[in-house]
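As structure tokens, the structure follows; a few thoughts come after it.
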Amino acid sequence: MLQSVTSTRADLWQGYVNWQAWIGLAIDDLAGRYARTLIGPFWVTLSHAAFVMGYAWWSSLVLSADFQDQIVYLAAGLTIWLMIANCLSDSSNLYERAMPILMAYDLPISLHVHRAVVGHFFAFAHNMLVFIAVIIIFKYPINANIILAIPGLFLVYLTLTGLALGLGVLGRRYRDLGPLIASIVGALFILTPIFWRRVEGSAQAKLADLNPVYHLVEVVRAPMLGTLPSSTNWIVAGATALLVLLFGTLAFSHYRKQLSYWI
Amino acid sequence: MATYLALESAYVHYPVVSSSRDVSILGAVARSAAFGMFSQASKNGLRYVRGLNGVTMRLGEGTRLGIVGRNGSGKSTLLRTLAGIHHPTKGKRVVDGLLASVLSIGAGLDPEKSGRQNALNIQRLFGIPKGRAAEICLEIETFVELQHFFDLPVRTYSSGMMVRLSFAIATSLPGDILLVDEVLSAGDMHFMLKAAQRIEERAEHAKIFVMATHSKEALDQFCNHAVWMHSGRIIMDGPPADVWEAYATSDPDELLRKKPTPLILNTKMRETGEIAQG
């Protein structure tokens, strides 16, 4: 049973331990978005599949890249990128849906942060079906390295939790944070090697290395494709996760109490 | 541990957003870059409403408190602050015990889900185990008398039906502390009588009960002590009949000039408990 929440630490902890609640809410969110459609949340999968197919086909025609190579690279990278990008752009209106509950019950606020992050993870899991299908159809050789995608995903998940904690409360306070982030995410997409590849020693490599999102993508993508992330990848991804979590916790503890005032 | 609910010189000043500049991050950056050269009413250019203006109340077991006051006097803000929905901008809130509140009707209901699913979802939010939640749900179903509507989406409900459902859900949540805002005026006659009866039952079991009301009958029926709120402050407290009498006849602005005294009710058990703990 939940006790009344009086400190940030209690809020974070009680929100976390009541996992049935936030997982349930996240499932409701996902089902609700596709209510009254026949295939439900698999629309996520379908639109992702269409995009991956379309781009791989285009790049093999226009850039004369190897279709099979391109589709596997994209199915892995884009899936991870989408989870990060969606979290970046959705977190600022995280509390919009939660407001009726926030204004009616004395519940931990962080419930809604976990609800949003695990929701992004569920969407990611639906998109992973595209990667699995591609692997099977094109008989791409995966190997034991794929196990390392799990700690990689863990780092990404921590980063997303920090983002949602911080951007959620800031987005409630500053209403133009959402559009501001949306405009940055587009640029970030082009600057992150999702469509293009980081070639050692090139100018592109410098561009990629300076971008923390690249390292977060790479610690998941490389194992999925059977290679190993570099130690730089691990270190930068780990440091990013820690710093973002720190930012999120500080912003959350500062703005948490004001949340019900910024209607 | 004795059930206890307190506010210590609590102030709630909430911002009023009147232009998009107030809630703009670009605006905030520009303001801080200008070193306050364009400072307005306050440091960030926002206007604030004083919802609570220094309220101290310590409530112990056995408290049945009624709150009266005009519209906009701070009754709902006080209840929301006690409930932990608003946080004091200055001062603090102390709570020992589980708290349930009926503050806004229709809140937290998902229109796409049936009454039953909504009831179960809200129980899940509070971490109530599945078996117990099913029992409570059955009890809610009996109370709301919605028949087959209980399994239809809430968007098909009339407003009166929605009131019944959200009232039943809120009052079914476990708690030693029960907070109720003026809600009995919604719903039909039959429901009002049932709701009053349910509140009475709950209030009997609750160790601390606080209710805002505009009705003398409700005050007499449910409360053993009353406060009169005005301008976000407690301007009078005492037996319900006396407070109601004053509320109906005196000028609140005159009472507002008196220095406020903290409201302390039934806290003996907690104080002796604390001494025993050392």
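A note on names: the letters A, B, ... follow the listed sequences, proteins ahead of strands, and every chain is numbered from 1.
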Greater than 12 external heavy atoms within 6.0 Å of Leu38(A)'s CG:
no

Working to the nearest 0.5 angstrom, can you tell me the gap between Met103(A) CE and His86(B) NE2?
5.0 Å

Structural part of Leu173(B) lying under 4.5 Å from a heavy atom of chain A
side chain

Please classify the contact between Leu25(A) and chain B as side chain, backbone, both or neither, with a heavy-atom cut-off of under 4.5 Å.
both

Surrounding OH of Tyr16(A) (heavy atoms of other residues, nucleotides or ligands, distance under 6.0 Å), is the total greater than 12?
no

Using a 6.0 Å cut-off, check whether atom CZ of Arg116(B) has over 12 heavy atoms from anything other than its own residue.
yes

With rounding to the nearest 0.5 angstrom, report the CG to CG distance, Leu125(B) to Leu107(A).
5.5 Å

Just wondering, do Asp110(B) and Asp28(A) contact through their side chains at under 4.5 Å, heavy atoms?
no

Which bit of Leu179(B) comes within less than 4.5 Å of chain A, counting heavy atoms only: side chain, backbone, both or neither?
neither

Heavy-atom count around Phe154(A) CZ within 6.0 Å, excluding the residue itself: above 12?
no

Could you report the tightest heavy-atom contact between Ser260(A) and Ile85(B), atom names first, then the distance?
OG-O, 3.2 Å

For Tyr261(A) and Pro88(B), the nearest pair of non-hydrogen atoms, with its separation, is OH-N, 4.3 Å

Let me confirm one number: the CD1-CG distance from Ile25(B) to Leu180(A), rounded to the nearest 0.5 Å.
6.5 Å

Do you know which two heavy atoms are closest between Ala28(B) and Tyr174(A), and how far apart they sit?
CB-CE2, 3.7 Å

Of all the heavy-atom pairs spanning Ala104(A) and Ser101(B), show the shortest one and how long it is.
O-OG, 3.7 Å

Around atom CZ of Arg9(A), are there more than 12 heavy atoms of other residues, nucleotides or ligands at under 6.0 Å?
no

Contacting moiety of Lys92(B), where chain A heavy atoms sit under 4.5 Å:
neither

